[in-house]
Structures are given as C-alpha cells and as structure tokens.
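Worksheet for the structure shown next.
We name chains A, B, ... by the order of the sequence lines, and we start the count at 1 in each one.
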Amino acid sequence: MSIYWGTFGVSPLGGLDDLSFTYVEKLRAKEREKSRGETSYLPLIGIHPLNVRVRFAPSPTGYMHVGNVRTALFNWLFARGEDGIFILRIEDTDVKRHVQEAVDAITEGLQWLGIDWDEGPGVGGEFGPYFQSERIDLYHQAAQELVDRGAAYICRCTAEGLDADACTCGEKPGERARSEGEAVRFRNPGGRTIFEDIVQGKLSFENDQFGDFILIKSDGTPTYNFANVVDDNAMRVSHVIRGDDHLSNTPRQIMLYETLDCEPAEFAHLPQILGDDGDRLSKRHGAASLSDFRDRGFIPEAMMNYLALLGWAPEGENDFLNPEQLIDAFRLDRVRQSASQFNQQKLTHLNSQHMENRPLRQRAEIAAKYLARAGMIEDETDNDAFAYIEKIVEALGSRFKYGEQIVEYGGHFFAENVSIDADLHSYLAKDDVRDALSRTADRYETATTWDEETIEDIIRSTAEEFDLKAAPLIHGTRVALSAKTVGPSLFTLVYLVGRERSARRIRAALDQVPPGKN
RNA sequence: GGCCCCAUAGUCUAGUGGUCUAUGACACCAGCCUUUCAAGCUGGAGACCCGGGUUCGAUCCCCGGUGGGGUCACCA
C-alpha cells in the first residue's frame, strides 16, 4: 500500500511527518461521522492546532489587478496577525515559457505595497519549488497514484463534442500509465460536498454537476484545480483565502483532497471588488492595476489601508490605520460576504492623511519625482532645487494629497511666466486693484528686507494707500503670480515665487489682462 | 438556463429579536477658522430591497419574490 498523499504518511513532496495532526484529525473524523454518507468537511474554527500557512497564488498575467492585491493583502494580514507563514506561489502552468516581466510585476507590486513573503520566488523555502511550471512531475505522480487506485482514469477521447459521461475509455485501475496525448480524468464519486467557509458560512454542492473533470490535460499540464490541491497540500497550506469567484471550484478541490486522503485546508472566500459604476473592475475603469496608483503617486500605506477596508472593517470607529495597526486589527471572520465598489475619493482622502504622517523630506522627494517626470525640473537630486521643493511642499501642506498633484499645484514655481485664463481676468480688471498691484511690484523690488512679514506689510499698507480692502489685492496678487485662485498662504506664495519674479509676473499679468470697467 | 452566493444612505461599513430615534468614514450641504483653497472643528440631509411567516415585538430568524454577482473548460 502506498500512502504518498496521506497526512500521516511520508510524503515525497513535503518531507514532513507531523504527528501533531492527530488531534485535529480525530475531531474531524467525529464531524464526518455526524454527516454520514456525505462527503463533508467541517473545519474547526478556532481550535486549529496547525501553524497558519497561507499562500497568494497568482498567475503571471503581466500586471497586478487590485482585486488580486486585496487577496494578497488579506492573506498577508492574516498570516502576520497569526504568526503564520505567507507563501508566494506562481501559477504558471499555462504559460508556455517563463515570463520574467510578468513575475516581476507581481513581486514588485507586493514589495512596493509592503507585503513580504516567507517562502516563494527570491526567498526559497523548504516546500519549493514555488513555480508550478517546475512542479509538473509532482502532478503526474499524484495523478498516477489516483489512476492506480482507480480514483481517476486515463482518457483519450478527443476534446471536441465530448462530455465526460460519454467518455467510455476508462481503464482498469493500475493497468497502465498515461502516455503522450492522453488526459487524466477524475472519477467523480457523486454525493454532496458540504463545507464551512470562514467568510461565506456553510455551503453545499451536488458533486455530480462537476462530472469527471480533467486532472491532467492531454498536453501533460495539470488543470488549475488539480495543481492547486496538490500544491496546497504539499505546501501544508492551512487556509485558502481567495476571491469568491473560486467558490464553485471548492467542492472539486475538496473531493480531490478527500480522494488523496488529505485534510482539506480551511477556506475563506473574499467578496469581489467592483468598479465605481458597480461593474466588474477592469482596465476600463482607468485604474484596475496597482501600478496605476503607484504611478500617480499614491503611497503604499494608504493603498494598503484602503484595500483593507474593502470587504472588511475594523472594530471601533477609526478606519485610518497604518500597516502595523491593520495587522493587529485584522480578523478573517469579520470579512463581509457582499461585493464592494472601489471608491477613489476615499482612497484619495486616506492618501492625504497618510501623506501628512510622512516627514516633509519624504513628501518633497515624492514631489521632486513628479516634477522631474513632468519636465519641470532638470534634476531631482539637485540640492538647491530640493531645498526649494521642500519649502513649496511645506507651504502646500494638506493640499498636496498625492504625488501627481504637485504638477498642478506647484508647477508654476518652476516656470518664468504664467498664463491667466480669461475666466480669472476679473480679478485683475479693476483700476484701483491694478494700480495697487503695480505699486506692490515696485515696493517688492525696493524693499530692504525680503520675508513674509515684509511682504504682508507691503500688501496691507498698499491696500490702505489705495483705499482698498486687503482681500481684493491679495486675490489679484494670487492670480497674477500663479494663475490660480487656490493655493498656499499668499504671503508665502509671494516669498517663494521670489522678489524679482513676483514683480515681473505682476507686470506681465497687468499687460496680459486688459483693464475692465469698475 | 442549471448550480452557488449576496442585499443597511451615492460609496465603504458597524450593528442587534426590544432606548434602532440604526454606528463610523468618504462624498454632499451649512457654519466656524481664514487672504483663497485644502486641512481642522461644529452642525445637517441621507439607508435596513419587496411580500409573507415565526414572535408580544423584527433591520436582525424562516420561506418566497425581485435585483445584483459568481460559476458552469483539456483557463487560471
């Protein structure tokens, strides 16, 4: 008798023979008895004595969909919170050759977000390899084991026009091995599969509906469901946390666990993430890829915070959490069952909150990067330029909510002139304002000191001189200097634009904008 | 269509068989602050999908309906 796959046996894959499984095994046997006759699996939430081992198992598609990122995040939060192991496994059985860039997109995305893995590409681990394309022999071994036992059979029917029931080519158990061009089918035992999903609750499926599904395709590669179970078992995965689009794969997988004499993992199926229009999130929504957000200057801790809030909520009323707090607060059994829509406004809000927690220097570095990218500064590492950027970012304060925004709010600091849109001309139309503006330009140039106090004094006293309130002069100055009605404190703005340049911009603005009727 | 899942404000959500007159956040509106905007503070508007049943009492439990979603591959 060969027990390659038994939980207690010596597995050629895992190499561990852990007798501590005995306790839970007994309890589960009891549960099984209760649901006699049916293929039933009821996990024992809360008393699982195994170490938590979870995995994120993406297929390398070339980019990181935010839905997948959220799945990775929940796995990671759970692992970190339970002192467990987080595994990264690449499901590339379908990929003809190893696509390095596609794998890089995954690892770089995770690293950027701050998700690290204990086993997987780059770090190894004792349950490797962690690329399915390198585990093909293992799937064949497992499939042959099932064929030998009569739990699966070799099928050489052509794929076209064939449903499993019509395939009559089942051999006697153990008769021979699969040869080139043949598929291996699972012999569906029928009955029902009942299991308790940590998120979705108790679920029940009729097994017959899945037919005799394929384990090994005729080209020799394993199907998703089969490779998944073989790997999850070999890697001792204790909890399978994945999107709920896999819900109906679960009974198939549990059947496989059972016929392989393995203890199924516990399952937690996460609800979908939808676009802001309620449709499935896709490229069409502009930002379905993690890199879209990274490129626009959203910061990882905010992204993580927001993603964690999709389908899950912490206890209490505070949802502004850093990664450490998320790990602390995260509970798998508090995950919701219904889909949620992705809301960029909330993300933006959280991003600005997390930005405020970053030291000025870091915010300035972010700004420098985007200014350089937009071609507004030559060299983002230049010290003088950086010192200036720091002052601008400081002045902008909470207005600077994510990286890309610096171009809009701060771009004019790096230009000689600004162009004033017609709808802002009214700020510069009145004669008394124009005269006062002209006067302040002169006074900037002749001032003996140059600081914000001096600037404020010039503006307020000039306003008085022309019998104006300070506000219209202030507003006119802002438009003349920045071509905007919003921005930092005006006196800071003048100071940062600089003495000569402020004077030049004011005069240029008066030239550019024709006087209007008072 | 079969199977499966889901249903609290525009969005993300908390919540319980009875002070639920339903929690918090984003967005929205108003006020305060202020030179503008942002931020902040204060206040405001805004929701338990529908119909039955169980119950003294249902947002909560059960059934049905409706709506939404997932899945039905030799894709993952």
Side-chain angles (χ1 to χ4, degrees), chain A residues 57-61 91-95 132 155 157-160 162-164 181-185 197 199-201 203-206 208-211 213-228 242-251 269 271-274 276-280 306 308-320 334 336-350 352-353 356 396-401 405 409 427 456 459-460 463 469-479 482 484-493:
Chain A
S59 68
T61 55
E91 307 225 328
D92 57 351
T93 57
D94 194 42
V95 184
Q132 287 192 329
C155 175
C157 303
T158 54
E160 299 83 50
L162 167 88
D163 47 308
E182 292 176 324
V184 177
R185 278 185 194 276
D197 188 284
V199 173
Q200 310 285 343
L203 265 17
S204 171
F205 293 84
E206 199 70 54
D208 279 340
Q209 65 183 298
F210 305 112
F213 53 88
I214 299 281
L215 267 22
I216 302 285
K217 296 181 250 176
S218 53
D219 68 357
T221 59
T223 56
Y224 165 77
N225 283 120
F226 189 53
N228 224 254
R242 72 226 305 193
D244 69 5
D245 48 331
H246 289 287
L247 218 41
S248 58
N249 285 320
T250 310
H269 285 94
Q272 299 278 306
I273 297 177
L274 310 173
D276 51 14
D277 55 1
D279 280 351
R280 227 187 145 144
Y306 180 66
L309 261 18
L310 252 24
W312 172 81
E315 285 184 77
E317 299 188 339
N318 176 35
D319 62 6
F320 175 66
R334 281 181 65 86
R336 285 198 107 226
Q337 287 132 288
S338 50
S340 40
Q341 294 189 23
F342 193 95
N343 185 273
Q344 272 194 238
Q345 284 179 316
K346 173 91 186 210
L347 203 213
T348 301
H349 176 259
L350 286 173
S352 72
Q353 301 261 303
E356 288 188 65
L396 248 19
S398 63
R399 296 169 191 83
F400 181 37
K401 295 183 175 180
Q405 271 189 331
Y409 289 137
Y427 287 95
E456 178 163 7
I459 289 176
R460 292 201 188 280
K469 288 199 167 179
L473 183 55
I474 285 170
H475 295 153
T477 304
R478 182 183 298 284
V479 168
S482 66
K484 289 181 188 314
T485 57
V486 306
S489 160
L490 191 269
F491 312 120
T492 309
L493 174 67

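Among the atoms of the strands shown, none is found under 4.0 Å from any heavy atom of A:K484. Using a 4.0 Å heavy-atom distance criterion, A:L215 is classed as making no nucleic acid contact. Heavy atoms of A:G311 sit under 4.0 angstrom from primed sugar atoms or phosphate atoms, though from no base atom. Backbone-only engagement by A:R334 is indicated by non-hydrogen atom pairs under 4.0 Å involving sugar-phosphate atoms exclusively.
Listed nucleotides B:G24, B:A25, B:A14 differ in distance to A:E317; the shortest reach to its side chain belongs to B:G24. Here the side chain of A:Q200 is nearest to one of B:G24, B:C3, B:C6, namely B:C6. Among the nucleotides B:A76, B:U13, B:G15, the one closest to the side chain of A:S340 is B:U13.
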* With salt bridge (charged side-chain N to carboxylate O under 4.0 Å, His left out) as the test, would you mind laying out the steps for A:D276 and A:K346 before giving the verdict? => CA-CA 11 Å; A:D276 51 14; A:K346 173 91 186 210; over 6 Å; no
* Decide yes or no on side-chain hydrogen bond (donor to acceptor under 3.5 Å, both in side chains) for A:T223 and A:N225, but give the supporting numbers first. => CA-CA 6 Å; A:T223 56; A:N225 283 120; 5.6 Å; no
* To do: Could you walk me through whether A:Q337 and A:D244 pass the side-chain hydrogen bond (donor to acceptor under 3.5 Å, both in side chains) test, one step at a time?
  => CA-CA 9 Å; A:Q337 287 132 288; A:D244 69 5; over 6 Å; no
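Base pairing of B:G64: its partner is B:C50, meeting the Watson-Crick or G-U wobble criterion (both donor-acceptor distances under 3.5 Å). With a cut-off of 3.5 Å on both Watson-Crick or G-U wobble distances, the partner of B:U55 is given as none.
Spacing of C1' atoms, B:U16 relative to B:U23, comes out at 12 Å, to the nearest Å. A gap of 15 Å separates the P atoms of B:U13 and B:C6, to the nearest Å. Here, B:C33 and B:U42 have their C1' atoms 11 Å apart, quoted to the whole Å. With both ends at atom P, the span from B:G15 to B:U54 equals 29 Å, rounded to whole Å. Using C1' as the reference atom, B:G10 and B:A27 are 8 Å apart when rounded to the nearest Å. Annotation: B:G65 and B:C41 have their P atoms spaced 48 Å apart (nearest Å). B:C60 and B:G17 have their C1' atoms separated by 7 Å, given to the nearest Å. Using atom C1' as the reference point in both B:C74 and B:C62, the two lie 43 Å apart (nearest Å).
With hydrogens and angles ignored, the 3.5 Å screen pairs a side-chain donor or acceptor of A:T348 with a backbone N or O of A:Q344.
A donor and an acceptor atom never sit less than 3.5 Å apart when one is taken from the side chain of A:S338 and the other from the base of B:C6. A donor-acceptor contact under 3.5 Å is formed by the side chain of A:S398 with the base of B:A38.
When each of A:L203 and A:Q345 is assigned the nucleotide of RNA chain B bearing its nearest heavy atom, the one mapping closer to the 5' terminus is A:L203.
Looking at A:S59 and A:T93, their side chains never come closer than 4.5 Å, going by heavy atoms from C-beta outward.
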Give me, pair by pair, the N or O atoms of the protein and of nucleotides 33-36 of chain B that are less than 3.5 Å apart, along with how far apart they are.
{"from": "B:U35", "atom 1": "O2'", "to": "A:H475", "atom 2": "NE2", "distance (Å)": "2.6"}
{"from": "B:U35", "atom 1": "O2", "to": "A:R478", "atom 2": "NH2", "distance (Å)": "3.0"}
{"from": "B:U35", "atom 1": "N3", "to": "A:L490", "atom 2": "N", "distance (Å)": "3.1"}
{"from": "B:U35", "atom 1": "O4", "to": "A:S489", "atom 2": "OG", "distance (Å)": "2.5"}
{"from": "B:U36", "atom 1": "O2'", "to": "A:T485", "atom 2": "O", "distance (Å)": "2.9"}
{"from": "B:U36", "atom 1": "O2", "to": "A:T485", "atom 2": "O", "distance (Å)": "3.3"}
{"from": "B:U36", "atom 1": "O2", "to": "A:G487", "atom 2": "N", "distance (Å)": "3.1"}
{"from": "B:U36", "atom 1": "O2", "to": "A:G487", "atom 2": "O", "distance (Å)": "3.4"}
{"from": "B:U36", "atom 1": "N3", "to": "A:R478", "atom 2": "NH2", "distance (Å)": "3.3"}
{"from": "B:U36", "atom 1": "N3", "to": "A:G487", "atom 2": "O", "distance (Å)": "2.7"}

Which atom pairs link the protein and nucleotides 40-47 of chain B when you take only N or O atoms and keep those under 3.5 Å?
{"from": "B:G40", "atom 1": "OP1", "to": "A:Q353", "atom 2": "NE2", "distance (Å)": "3.2"}

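Note on A:Q337: a side-chain N or O is less than 4.0 Å away from OP1 or OP2 of B:C6.
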* Under 4.0 Å protein heavy-atom contact, by nucleotide of nucleotides 65-73 of chain B - B base, S sugar-phosphate only -> -----SS--
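The CD-P distance, from A:Q341 to B:C6, rounds to 19 Å in whole Å.
A:H246 has its ring centre less than 6.0 Å from the ring centre of A:Y224. Here A:F342 and A:Y306 bring their ring centres to under 6.0 angstrom of each other.
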